[in-house]
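Just dropping this structure here.
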Amino acid sequence: MRALCVGLVAVALIGSACGQDKKAATITIKAPERGHKDTIVKVDGVEVKESEGTWTFTTPALEAGKEYTFKVEALIEPNNYTKITRPREVTVKAGDAVKLDLTTEDKKLDKIVVRWVPTPDDIVDEMAKLAKIGKDDVIFDPGCGDAVMLIRPVKKLGAKKGIGIDIDPQMVKKAQDKAKTEGVSEKVVIKEGDILNEKDMAICAEASVVLIYIGDDLGARMAPVLQKLLKPGTRVVSHRFRLGDWKPEKTLTVRGADGDDYVLHYWVVKEKDKK
Ligand SMILES: C[S@@+](CC[C@H](N)C(=O)[O-])C[C@H]1O[C@@H](n2cnc3c(N)ncnc32)[C@H](O)[C@@H]1O
């Protein structure tokens, strides 16, 4: 009998040493499925296959009782100009079956990048008209691209100053070069900056007019920052996109020189908007 018990303990120890009591865990992930392109989900940098709207990742065999943390990331393209990166971490133990929901945004963790699509010159002119830009105005463009929304009002309407930020250093250089070529580099200031970073946005406090073309996702994230930082009375005009739930005072459609219709939204910052 004693020999049998010793034998069983030995088998258990050998089994454990060989990793036989290790077990995998599964992480079942929900994410927005389809936009402009299919969503990609990665765990620790490796793409996971989608099946019927979920992505299931099986971990390697994990030691019992220990915790393991995996980095999960969804790459979402809701349209052909916006890329959202939604990173999360999930901690599991051997044998766990956990669910992770990546369908909702986390304002602190999610990154949103909108690619450069320029506003046509004549539509910039329409936006300037709507904002009634004059010689005393300081214009701010968050996500300024090649700075067309700053250079044109400064050059054509004699606006006092243009300030732009862009997250892409190549766009910043392009905008600075264009301001030089157009002879307005003294009045047009372009800096590298992220509109989701309040410190980078602080520069907008000087503005009397804001011209924007940035997409729904970034617009919604930026709206409370603009409302907080802009002076009451500042006029805001956005090409095509609304700014989250900030209700515009006016929305109008203008016909472009290319024959297309362009929607413009107009707000004036009120004391009560300030959060
Ligand atoms: C649609 S383009 C608009 C450019 C310009 N305002 C216009 O109307 O011609 C958006 C620009 O925003 C920049 N951008 C995207 N995400 C940004 C972010 N988080 N912070 C600052 N700029 C950003 C892009 O690099 C791009 O140049």
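Read the numbers this way: they start at 1 and go in the same order the structure lists the ligands and their atoms. Residue numbers count from 1 along this sequence. Just the heavy atoms: all of them, side chains too, but no hydrogens, waters or symmetry mates, feed the values below.
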heavy-atom search around atom 4 (C) of ligand 1 in the protein gives G143 O, 3.4 Å
Would you mind listing which atoms of ligand 1 come within a distance below 4.0 Å of any non-hydrogen atom of D194?
18 (C), 19 (N), 20 (N)
Can you find a non-hydrogen atom of A147 under 4.0 Å from ligand 1?
no
Ranked by distance from atom 15 (C) of ligand 1, the top protein heavy atom is V114 O, 3.1 Å
Where's the contact between D146 and ligand 1, heavy-atom distance under 4.0 Å: side chain, backbone, both or neither?
neither
Among all protein heavy atoms, pick out the one at the shortest distance from atom 27 (O) of ligand 1; state its residue, atom name and that distance to 0.1 Å.
D166 OD2, 2.7 Å
Got the closest protein heavy atom to atom 9 (O) of ligand 1, with its distance?
T119 N, 2.8 Å
Protein contact of atom 20 (N) of ligand 1 - nearest heavy atom, named by residue and atom, plus distance:
I195 N, 2.9 Å
Looking at M171, which atoms of ligand 1 are within less than 4.0 Å of one of its heavy atoms?
27 (O)
Quick check, are the ring centers of Y262 and F241 under 6.0 angstrom apart?
no
Look at atom 22 (N) of ligand 1 and say which protein heavy atom is nearest, naming residue and atom and giving the distance to 0.1 Å.
I167 N, 3.1 Å
For the residue pair H239 and Y213, categorise the inter-ring angle as parallel (less than 30°), tilted (30 to 60°) or perpendicular (more than 60°).
parallel
Is it the side chain (CB and beyond), the backbone, both or neither of V124 that lies under 4.0 Å from ligand 1, heavy atoms counted?
neither
Interfacing atoms of ligand 1 (cut-off 4.0 Å, heavy-atom, G193)
20 (N), 21 (C)
Hydrogens and angles aside, do S208 and D137 bring a side-chain donor and acceptor to less than 3.5 Å of each other?
yes
